[in-house]
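Read through the structure below, which is laid out as structure tokens, and then see the notes.
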Amino acid sequence: MSLERLDLEDFTPGLNLRAGQFQLGAGESPAMLNVEVDPVSGFMSRPGLIRWNAADDVVTSTWNPRSVERAQLSTGSYQIYATMGSTIYSAGANGVFSDLSIPCNATPHLADFAFWGDITYIATGTNAAVVSSSGWKREGTGTPVQLTDASLGYNDNYTVPLYNHMPIASHVETHASYLFCADITELGTYAGSHPNRIRWSHPNEPEDWATADFIDIDNGGGRITAIQSFRDHLLIFKTESVWALYGYDLASWQLVEVSRALGAPTKTAIGRSESSVFFFSGTSGSGVYVYDGSTATKISSNLDPAMSAIGNQDNIWLGWVGNRLWVSTEWLPAESVGTRTGAFVWDPSMGGKFGSWVFHVPAVGSFRSIVERSDTNGAYPLIALYAPGEASCLVSVPSRYGDIASSKDQVLESPAASTAFACSYTTGWLTMGWPDRLKSWLRPRFVSRRNVSGSAVTLRMDVFKDYDESNAARSASASILPTSNSITWRALGYSDPLPNGFDFKEDGSAEADGKGADFSSGQVGSVIRRAVTGFGTARAIRITISNGQDILTDTDAGEPWAIDAIFLKIRYRKFTT
């Protein structure tokens with residue numbers, strides 16, 4: 001029987017939740033939690049989240065952010081706007097939130113924001129029973145000003161502006177030289193409700209509106225849920241269709257159908273990058289789509305079981321930050337801890353044509369709004385957490401390529417109270433090309449990467465056999481020790497650190513075998529380890545590597561870790577039938 005090898009180094013295909021045993025491609029994982037995939041080789045525990053606002057400016061029991069956006073000012077500073085309850089909060093770079101006392105009732109995002117120079121225009125909803133439903137504006141960091149309902153005084157003279165007017169609306173967006181509003185209430189009455197109406201301002205006059213400057217989009221069913229400026233057209237999302245408005249004035253507007261099969265349930269279910277618009281569609285093709293200016297393509301096929309299981313589609317948030325798409329949902333994986341919900345993170349640069357996904361869950365609370373453009377001024381992008389009674393804050397997401405100094409989230413006000421999170425990675429079924437042939441799985445080797453100043457950490461390895469996904473056939477612990485500036489071979493289970501370098505005896509003893517000169521040192525913080533025993537006889541195996549099953553009592557919880565590669569060796573057994 002010849003000795004065969006299987007090297008696992010490329011994990012960039014990412015997460016695939018399909019239930020079929022053989023529907024996973026090479027390098028795909030059926031389950032991963034709080035790990036990042038390296039684009040070159042390996043996977044690692046994700047960096048810990050860092051609290052952005054140092055104090056809980058909002059009472060934690062009432063913290064419930066529905067929409068969070070960032071406004072860039074000409075001074076170089078910025079403002080963060082957060083909607084919750086029935087009001088709007090704002091904060092500058094100091095992270096101190098204050099209540100702007102702007103009532104809002106748009107469903108479910110509460111308010112929408114559009115930025116015109118240093119002026120922020122705010123659409124607060126169409127509840128005609130609330131007088132304050134008309135729009136607001138805020139210049140820089142000044143006092144917000146409520147605008148007059150445009151339908152109470154339309155200005156049909158384009159040469160003499162009146163200013164200080166804006167429709168009662170749920171959505172607002174700047175596009176070309178216009179301010180657009182959608183889901184309109186005219187004359188402040190329910191009889192004037194037009195959920196599929198879009199209005200635009202005078203050219204270059206965002207506070208003047210003409211009587212006839214509107215379009216009703218009744219085709220496609222449902223109601224308008226969002227509007228998004230993109231390149232030379234305005235995208236209009238309805239619950240079950242998507243439209244594009246081209247042109248530059250009343251005489252040239254052209255409405256083009258993008259899709260009658262897709263739509264978006266809420267404004268928060270839409271995000272955009274420099275080159276694409278992303279949206280979650282809750283129709284029969286439930287999933288995440290990317291629109292490139294002509295067509296919408298599904299990028300979440302690997303997540304279909306999770307996408308179809310999403311219940312409340314009001315609680316979906318998309319955002320493009322750190323050159324990746326974050327999709328926060330209420331889906332909860334089986335390997336998660338507690339009831340916290342997290343975010344799927346999509347990287348278009350890895351995993352082939354349709355990118356690859358990972359899944360993150362915070363140690364405290366659940367992910368909410370992803371603050372687009374929040375990484376243009378600061379070091380890291382911002383995400384709002386929903387953690388009632390625990391914290392009212394945004395968190396920074398450190399770069400996955402930086403120094404992973406901790407696997408703890410600094411969400412609570414005291415950094416000393418940082419909370420560790422569970423992380424794990426599961427391989428697909430490894431068959432060596434013969435899915436039904438028995439094999440002897442010999443002792444594998446694992447390459448692990450650690451910071452030089454790190455502490456020892458013990459990883460748990462669970463081995464599943466012959467397509468039984470629920471019961472581990474074998475479990476073992478792998479102790480990864482801190483290293484000096486060299487690459488070191490160590491045998492798993494050996495109680496004392498072996499000398500640095502590659503001097504080790506094949507049987508695992510500390511006596512040098514003279515092979516150290518065959519390898520060069522200098523790569524910082526890596527350890528190659530060998531399992532004490534093999535994985536036994538099986539047709540196929542699957543390995544789960546984690547930082548302990550009980551994250552609340554595990555003494556190594558919160559220590560960063562990484563696996564660069566897994567080297568497996570097998571011997572084929574003779575056929576018996």
Side-chain angles (χ1 to χ4, degrees), residues 62-69 81-89 99-114 120-136 146-147 149 151 166-173 180-199 216-218 220-228 235-243 262-271 279-283 286 310-319 327-330 366 368-370 384 386 388:
T62 61
W63 176 257
N64 185 11
R66 298 300 308 177
S67 177
V68 184
E69 297 201 34
Y81 292 96
T83 67
M84 66 191 71
S86 60
T87 189
I88 300 172
Y89 290 82
D99 189 346
L100 294 180
S101 299
I102 299 178
C104 50
N105 58 71
T107 303
H109 55 283
L110 297 180
D112 197 6
F113 304 85
T120 299
Y121 288 98
I122 308 171
T124 57
T126 59
N127 187 345
V130 180
V131 176
S132 57
S133 287
S134 58
W136 291 68
Q146 187 174 10
L147 302 175
D149 176 7
S151 66
M166 181 176 168
I168 295 176
S170 294
H171 309 287
V172 62
E173 177 73 316
F180 282 81
C181 286
D183 184 3
I184 308 292
T185 291
E186 307 276 9
L187 301 174
T189 66
Y190 283 115
S193 176
H194 299 279
N196 288 309
R197 175 165 294 181
I198 291 180
R199 282 195 170 274
D216 287 328
I217 309 176
D218 293 322
R223 62 184 297 141
I224 293 175
T225 55
I227 52 178
Q228 175 71 66
L235 279 175
I236 301 139
F237 291 89
K238 299 181 68 175
T239 50
E240 296 182 3
S241 60
V242 184
W243 304 81
L262 305 174
T266 70
K267 171 199 175 295
T268 59
I270 299 168
F279 64 97
F280 173 87
S281 176
T283 59
S286 291
I310 294 174
N312 185 0
Q313 294 185 356
D314 285 352
N315 291 340
I316 296 175
W317 291 266
L318 268 68
V327 181
S328 174
T329 74
E330 289 190 337
S366 300
R368 276 290 177 90
S369 287
I370 295 88
Y386 173 58

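Worth saying up front: this structure is predicted, and the values here are computed from it rather than measured. Along the sequence shown, residues carry numbers from 1.
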Note, Met166 side chain near Val172 side chain (heavy atom, < 4.5 Å): yes
Interatomic spacing from OG in Ser151 to CG in Leu187 - rounded to 0.5 Å: 4.5 Å
Whether Ser134 side chain and Leu147 backbone form a donor-acceptor pair below 3.5 Å: yes
Distance-minimising heavy-atom pair for Thr266 and Pro108: CG2-CG, 3.6 Å
Atom pair NZ/CD1 of Lys238 and Ile217 - distance to nearest 0.5 Å: 7.0 Å
Step-by-step side chain to side chain contact (heavy atoms under 4.5 Å, CB included) determination, Asn64 to Arg368: CA-CA 9 Å; Asn64 185 11; Arg368 276 290 177 90; 2.7 Å; yes
Atom of Ala182, atom of Ile224 and distance for their closest heavy-atom approach: CB-CG2, 3.9 Å
Ile102 side chain reached by Gln146 side chain, heavy atoms, under 4.5 Å: no
Residue pair Ile236 / Ile227, side-chain heavy-atom distance below 4.5 Å: yes
Non-hydrogen side-chain atoms of Ile310 and Phe280 separated by less than 4.5 Å: yes
Nearest non-hydrogen partners of Gly271 and Leu318, listed with the distance: N-CB, 4.1 Å
Asp183 CG to Asn196 CG distance, which is reported to the nearest 0.5 Å: 8.0 Å
Side chain Thr83, main chain Ser67, donor-acceptor under 3.5 Å: yes
From Thr225 atom OG1 to His171 atom NE2, the distance as rounded to the nearest 0.5 Å: 6.0 Å
Residues that Tyr81 engages under ring-ring contact (aromatic ring centres under 6.0 Å, His included), provided they are two or more places apart: Phe113
Main-chain N/O of Ile316 paired to Thr329 side chain as donor or acceptor, under 3.5 Å: no
Flag, side chain of Ser281 to backbone of Gly263, donor-acceptor distance under 3.5 Å: yes
Minimum heavy-atom distance between Ile88 and Cys104, given as atom pair plus value: CG1-SG, 3.9 Å
For the student: nearest non-hydrogen atoms of Ser369 and Trp317, plus distance: OG-CD1, 3.2 Å
Gap between atom CD1 of Ile168 and atom SG of Cys181 - 0.5 Å precision: 10.5 Å
Gap separating the OG1 atom of Thr126 from the CD1 atom of Ile184, nearest 0.5 angstrom: 9.0 Å
Cationic N near anionic O, under 4.0 Å, Glu186 to Arg199: yes
Stepwise side chain to side chain contact (heavy atoms under 4.5 Å, CB included) test for Tyr386 and Asn315: CA-CA 11 Å; Tyr386 173 58; Asn315 291 340; over 6 Å; no
Trp136 side chain near Leu100 side chain, heavy-atom distance below 4.5 Å: no
Polar side-chain atom of Arg66 near backbone of Leu110 as donor-acceptor pair, under 3.5 Å: no
